[in-house]
Participant: 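I'd like to ask you about the structure that follows.
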Amino acid sequence: MPALVLLGAQWGDEGKGKATDLLGGSVDYVVRYQGGNNAGHTVVVGDQKYALHLLPSGILSPGCTPVIGNGVVVDPAVLLSELSGLNERGVDTSKLLVSGNAHLITPYHTTVDKVTERFLGKRKIGTTGRGIGPTYADKINRVGIRVQDLYDESILTQKVEAALDFKNQILAKLYNRRAIDSAKIVDELLGYAEQIRPFVADTTLILNNAIDDGKVVLFEGGQGTLLDVDHGTYPFVTSSNPTAGGACTGAGVGPTKINRVIGILKAYTTRVGAGPFPTELFDKDGEALRTIGGERGVTTGRDRRCGWFDAVIARYATRVNGLTDFFLTKLDVLTGWEQIPVCVAYEIDGKRVEELPYSQTDFHHAKPIYEMLPGWTEDISKAKTFSELPKNAQAYVKALEEMSGAPISAIGVGPGRDETIEINSFLS
Ligand code: GDP
Ligand code: IMO
Ligand code: MG
């Protein structure tokens, strides 16, 4: 089983960090392929809790090489502070590899992210304010700065000047902001260069060789399917491709090399930021899911919007990612409800719709059609096998599996590494 992708099947925060960490012990490389420090991945190891934003969750597994692929956007200040935070806690980070082709988030990208959101007013996306969108925009506009540029002062200076020439006009004339001094930016970036140099590598070559040698490579998505810039709820999305195809472009590995694609799926639904969310709850059930599930953003500290499980979205994730398996997380959070509603289809303008509509207008009008499944009250957090789950919890999982279109191969019953029921091995 040389290469597998692990990604979010909903709007992010499904528990990808925990799932990656769980496999980390048996994996040779864990690779981030898109996004940046907009991610917030929580990993609980024993009594230690780690919040990772930019680094792959595999960094906590000693035998595993963590890789930041070319498709990631890297804030060098965040990279260095996350590394030193882990070093202080005794984590060895020396194996990290960073693609020389990854783009850099600079202070002007974070500034543009924040002022754009302010300018949009009530139409804002609710971004994490980490400069993600503006950095990807510069990449596509061919005025981005790459990690490798840190090692050629002349090129770096020319590129920063070129990028700021245009941006300063906008900042000053449109947003009424002071222009940014390109020399200061260059100085700041050069100040990071030597500290990052030991990690910089041709990650595409290393990863392809590793797969050819039979090593196990895990591609860890940030965000989720519905936040994908192509397949998500545009424009309320992030600016990269968290879906499975993003692993190929964001790491330089061909689709023929990938054997398995695992969708991380929460047993209910959450979303942070603006945008449509058909099963969102505004009542005491939503509040209970938020409280019991600890649904507060790891990156921004914002409360997550909460709602019931949406099988239309799960089916869509199966389709656009070619999922081979699901990892169902946070089943324990649903303990105690007498009945659990599950959205099986939408009603749009009086018609029943089984598949996610491609039209934004239709999706905004989608009303969930619910089926009620019987709940359970027994504590499931100690369950180690599927048969140890209460009958109704088993039936809930089976119903979700049938509706979602791929086998559920693992179930999370708590945040800890060992609070997991493994049904089929992901690595066989
Ligand atoms: P990610 O962004 O997909 O890595 O997910 P986050 O870390 O942002 O959010 C998931 C939260 O749920 C974290 O606080 C995890 O520790 C926690 N978590 C993950 N799996 C489970 C589970 O099965 N049960 C419970 N109760 N918590 C879980
Ligand atoms: P993880 O990896 C949940 C959301 C933001 C906003 C939109 C665009 O922890 O699942 P951006 O800063 O990316 O331009 O914001 O995407 N968002 C996430 N929501 N989990 C995440 O990451 C997210 N990363 C970005 O809230 O709505
Ligand atoms: Mg998260």
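Order of listing sets the numbers, starting from 1, for every ligand and every atom in it. Values in this document were obtained by computation on a predicted structure and should not be read as measured data. Worth knowing before you read on, the calculation uses all heavy atoms, side chains too, and leaves out hydrogens, waters and symmetry mates.
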Participant: Provide, to 0.1 Å, the distance between atom 20 (N) of ligand 1 and the closest protein heavy atom, together with that atom's residue and name.
Facilitator: K18 CD, 3.5 Å
Participant: With heavy atoms only and a cut-off of under 4.0 Å, state how T420 meets ligand 1: side chain, backbone, both or neither.
Facilitator: neither
Participant: Looking at ligand 2, is there an atom of it that comes within less than 4.0 Å of some heavy atom belonging to V237?
Facilitator: yes
Participant: Would you say ligand 2 has an N or O under 3.5 Å from any N or O of N38?
Facilitator: yes
Participant: E419 versus ligand 1: do any nitrogen or oxygen atoms come within less than 3.5 Å of each other?
Facilitator: no
Participant: Using the ring of F236 (Phe, Tyr or Trp, six-membered ring only), decide whether K124 places NZ or CZ under 6.0 Å from its centre and within 45 degrees of its axis.
Facilitator: no
Participant: G126: heavy atom below 4.0 Å from ligand 2, yes or no?
Facilitator: yes
Participant: For ligand 2, which part of K16 has a heavy atom less than 4.0 Å away: the side chain, the backbone, both, or neither?
Facilitator: side chain
Participant: Check whether any N or O atom of V333, backbone or side chain, sits under 3.5 Å from an N or O atom of ligand 1, and answer yes or no.
Facilitator: no
Participant: Applying a strict 4.0 Å limit to heavy atoms, is G40 in contact with ligand 2?
Facilitator: yes
Participant: Going by salt bridge (Lys or Arg N to Asp or Glu O under 4.0 Å), E295 matches just one of R305, K330, R302, R290. Which one?
Facilitator: K330
Participant: Between K266 and ligand 1, which residue portion shows a heavy-atom distance shorter than 4.0 Å: side chain, backbone, both, or neither?
Facilitator: neither
Participant: E14 versus ligand 2: do any nitrogen or oxygen atoms come within less than 3.5 Å of each other?
Facilitator: no
Participant: Report the nearest protein non-hydrogen atom to atom 6 (P) of ligand 1: residue, atom name, distance rounded to 0.1 Å.
Facilitator: G40 O, 3.5 Å
Participant: Would you please determine whether R130 falls within less than 4.0 Å of ligand 2 on a heavy-atom basis?
Facilitator: no
Participant: Considering heavy atoms of the protein only, find what lies nearest to atom 15 (C) of ligand 1 and give residue, atom and distance to 0.1 Å.
Facilitator: T42 CB, 4.0 Å
Participant: Return the closest protein heavy atom for atom 16 (O) of ligand 1 as residue, atom name and distance.
Facilitator: P415 CB, 3.5 Å
Participant: So for G12, does at least one of its heavy atoms come nearer than 4.0 angstrom to any atom of ligand 1?
Facilitator: no
Participant: Any heavy atom of G414 closer to ligand 1 than 4.0 angstrom?
Facilitator: yes
Participant: With a 4.0 Å heavy-atom cut-off (strictly under), which part of F236 contacts ligand 2: side chain, backbone, both or neither?
Facilitator: neither
Participant: Is the shortest distance from a heavy atom of R271 to ligand 2 less than 4.0 Å?
Facilitator: no
Participant: Pairs of nitrogen or oxygen atoms closer than 3.5 Å, one from V44 and one from ligand 1: do any exist?
Facilitator: no
Participant: Report, as a single number, the protein N, O or S atoms less than 2.8 Å from the Mg ion (ligand 3).
Facilitator: 2
Participant: As an exercise, identify every atom of ligand 2 less than 4.0 angstrom from a heavy atom of A39.
Facilitator: 1 (P), 2 (O), 9 (O), 22 (O)
Participant: Note the single closest protein heavy atom to atom 10 (C) of ligand 1, along with its residue, its atom name and the distance in Å.
Facilitator: D13 O, 3.7 Å
Participant: Any heavy atom of E220 sitting closer than 4.0 Å to ligand 1?
Facilitator: no
Participant: Do you see a donor-acceptor pair shorter than 3.5 Å between the side chains of D310 and T279?
Facilitator: no
Participant: Tell me the protein heavy atom at minimum distance from atom 24 (N) of ligand 1, and give that distance in Å.
Facilitator: D332 OD1, 2.8 Å
Participant: Taking heavy atoms and a distance under 4.0 Å, where does L227 meet ligand 2: side chain, backbone, both or neither?
Facilitator: side chain
Participant: Hey, which atoms in ligand 1 end up nearer than 4.0 Å to a heavy atom of H41?
Facilitator: 1 (P), 2 (O), 4 (O), 7 (O)
Participant: Under the 6.0 Å and 45° cation-pi test, does R260 pair with F426?
Facilitator: no
Participant: Side chain or backbone, does G133 bring an N or O within less than 3.5 Å of an N or O on ligand 2?
Facilitator: no
Participant: Provide, to 0.1 Å, the distance between atom 26 (O) of ligand 2 and the closest protein heavy atom, together with that atom's residue and name.
Facilitator: R302 NH2, 3.0 Å
Participant: Can you list the atoms of ligand 1 that are under 4.0 Å from a heavy atom of G412?
Facilitator: 23 (O)
Participant: Can you name the side-chain hydrogen bond (donor to acceptor under 3.5 Å, both in side chains) partners of R123, sequence neighbours left out?
Facilitator: none
Participant: What residue and atom, counting heavy atoms only, is the protein's closest point to atom 12 (O) of ligand 1, and at what distance?
Facilitator: K330 NZ, 2.9 Å
Participant: Which residue supplies the protein heavy atom nearest to atom 4 (O) of ligand 1, what is that atom called, and how far is it?
Facilitator: G17 N, 2.8 Å
